[in-house]
Amino acid sequence: MTRLLVVEDDETIGETLASSLRGHGYEVDWRRGGRPALDAAVATAFDLVLLDLGLPDLDGTEVCRRLRAAQPGAVVVILTARTAEMDVVVGLEAGADDYLTKPVRLAELHARIRAHLRRGAPVATAPTPVGDLVIDRSGRRVTVFGRELALRAKEFDLLARLAAEPGVAIRRDTLMTDVWDAQWFGSTKTLDVHVAALRRRLAEVSDGARVPQIVTLRGHGYRLEPPAAG
């Protein structure tokens, strides 16, 4: 059974979320603070975490960082009342895969959760080399000369999508549709944050290796530029 961790201190919201998610067949662990959530993350492997930022004991972004370290394979979705663009950026850079603002429609939330869990399922296909970078979709691994890059779930999905069409310009809305959800709601800022993170990861292994670059196409989207032959 799919395990979800709900981190929410508001009794009404937490009860509503936990009840609705259990009604959809998920196993739900509801924690009302950051420290109890981290204790749960150490003891149990979760497939997805719903995380509020306004927690009574720890700052939500710090909880997000620690959750990411404790559960590198889990999808982390921030669900918060904070709507400022800087809060979105900080939350995503802390390790979240998605950022939703309250109030959120339960139908939208369930659609987004299903999309995240579906995207996380392994796909049987041969590893894809792009220069010295090798993307193994079945194993959800990216390596350069055998060295594995530590990528978050959506970073992997985004890189794999770009690598599916190297050298091709891909629109922003296409990337949002293919990587996040068939019907994306809200800002596409999450795409830019994940691209920036991927660029940092690629830069870390670029010394002496032929790795692709992610090129920004203003007003359009992005292109994965393969390294020059040589």
Side-chain angles (χ1 to χ4, degrees), residues 2 4 21 24 26 47-51 68 73-80 83 85 87-89 91-128 130 133 135-142 149 151-202 212-226:
T2 302
L4 273 57
L21 292 167
H24 279 71
Y26 300 115
D47 299 288
L48 185 142
V49 180
L50 282 178
L51 172 64
R68 175 53 64 204
V75 175
V76 178
V77 178
I78 289 176
L79 179 59
T80 180
T83 59
E85 182 173 330
D87 288 323
V88 178
V89 173
L92 292 169
E93 290 187 340
D97 297 290
D98 201 352
Y99 193 105
L100 299 175
T101 56
K102 300 174 184 175
V104 64
R105 294 179 299 158
L106 286 175
E108 176 188 343
L109 177 63
H110 285 296
R112 195 74 69 89
I113 289 172
R114 287 194 300 269
H116 281 300
L117 295 174
R118 184 173 62 248
R119 302 294 181 190
V123 178
T125 184
T128 303
V130 186
L133 189 83
I135 302 172
D136 178 0
R137 290 176 175 80
S138 295
R140 293 187 66 80
R141 289 187 296 266
V142 178
L149 277 67
L151 298 182
R152 306 201 312 253
K154 288 302 171 189
E155 291 171 1
F156 177 90
D157 293 338
L158 178 56
L159 181 59
R161 176 61 185 89
L162 289 166
E165 297 182 89
V168 175
I170 305 176
R171 295 178 57 86
R172 294 177 65 88
D173 55 358
T174 299
L175 291 171
M176 295 303 299
T177 296
D178 292 350
V179 176
W180 274 269
D181 193 353
Q183 291 183 317
W184 176 261
F185 300 88
S187 169
T188 61
K189 186 65 178 178
T190 185
L191 173 60
D192 302 318
V193 173
H194 279 75
V195 166
L198 271 179
R199 283 173 171 155
R200 290 194 296 270
R201 304 288 191 275
L202 294 174
Q213 293 184 338
I214 302 176
V215 178
T216 300
L217 306 170
R218 298 197 180 280
H220 185 87
Y222 293 98
R223 179 180 71 242
L224 188 70
E225 192 69 35

**Report entry** Taking every non-hydrogen atom, the tightest pair across A164 and P166
**Finding:** C-CD, 3.5 Å
Query raised in the report: Can you list the residues that meet the side chain to side chain contact (heavy atoms under 4.5 Å, CB included) rule with P212, with sequence neighbours excluded?
Result: V130, L133, L224, P227
Report task. Name all residues meeting the salt bridge (charged side-chain N to carboxylate O under 4.0 Å, His left out) criterion together with E225; count only those two or more places apart in sequence or in a different chain, and write none if there are none. Result -> R223
Report summary line: side-chain hydrogen bond (donor to acceptor under 3.5 Å, both in side chains) filter on Q213, not counting sequence neighbours, yields none
Report summary line: Output for pair (L158 CG, D97 CG), nearest 0.5 Å, gives 11.5 Å
**Report entry** Check: R68 side chain, A74 main-chain N or O, donor-acceptor pair, under 3.5 Å
**Finding:** yes
Query raised in the report: Would you call I78 and L92 a side-chain contact if the rule is heavy atoms closer than 4.5 Å?
Result: no
Query raised in the report: Is there side-chain contact between L50 and L21, with heavy atoms separated by less than 4.5 Å?
Result: yes
Query raised in the report: With R218, which residues qualify under side chain to side chain contact (heavy atoms under 4.5 Å, CB included), at least two apart?
Result: T216
Report summary line: The side chain to side chain contact (heavy atoms under 4.5 Å, CB included) partners of T101 (sequence neighbours excluded) come to T83, Y99
**Report entry** By side-chain hydrogen bond (donor to acceptor under 3.5 Å, both in side chains) - contacts of R172 (at least two apart)
**Finding:** T188, D192
Report task. Pick out which of R140, H194, R152 makes a side-chain hydrogen bond (donor to acceptor under 3.5 Å, both in side chains) with D157. Result -> R140
Requested in this report: Find out whether L109 and L100 are in side-chain contact, i.e. whether some heavy atom of one side chain is under 4.5 Å from a heavy atom of the other.
Outcome: yes
Requested in this report: Enter the distance from L51:CG to D98:CG here, rounded to the nearest 0.5 Å.
Outcome: 12.0 Å
Query raised in the report: For H220, what residues pass the ring pair (Phe, Tyr, Trp, His ring centres under 6.0 Å) criterion, not counting sequence neighbours?
Result: none
Query raised in the report: How about D178 and I170: do any of their side-chain heavy atoms sit closer than 4.5 Å?
Result: no
Report task. Decide yes or no for T2 and L48: does some side-chain heavy atom of the first lie under 4.5 Å from some side-chain heavy atom of the second? Result -> no
Query raised in the report: For the atom pair CE (M176) and OG1 (T174), what is the distance rounded to the nearest 0.5 Å?
Result: 11.0 Å
Report task. List for me each residue that meets side-chain hydrogen bond (donor to acceptor under 3.5 Å, both in side chains) alongside E165, sequence neighbours excluded, and say none if there are none. Result -> R161
Query raised in the report: Do the side chains of L198 and Y222 get nearer than 4.5 Å, heavy atoms only?
Result: no
Query raised in the report: Are I113 and V77 side-chain neighbours, meaning at least one heavy-atom pair lies under 4.5 Å?
Result: no
Query raised in the report: Excluding sequence neighbours, so at least two apart, what forms side-chain hydrogen bond (donor to acceptor under 3.5 Å, both in side chains) with R201?
Result: E155
Query raised in the report: How close do I135 and A163 get, heavy atom to heavy atom, and via which atoms?
Result: CD1-CB, 3.3 Å
Report task. Mind checking the CZ-CG spacing from F156 to L151? Nearest 0.5 Å is all I need. Result -> 8.0 Å
Requested in this report: State, with a plain yes or no, whether a side-chain heavy atom of D87 is found less than 4.5 Å away from one of T80.
Outcome: no
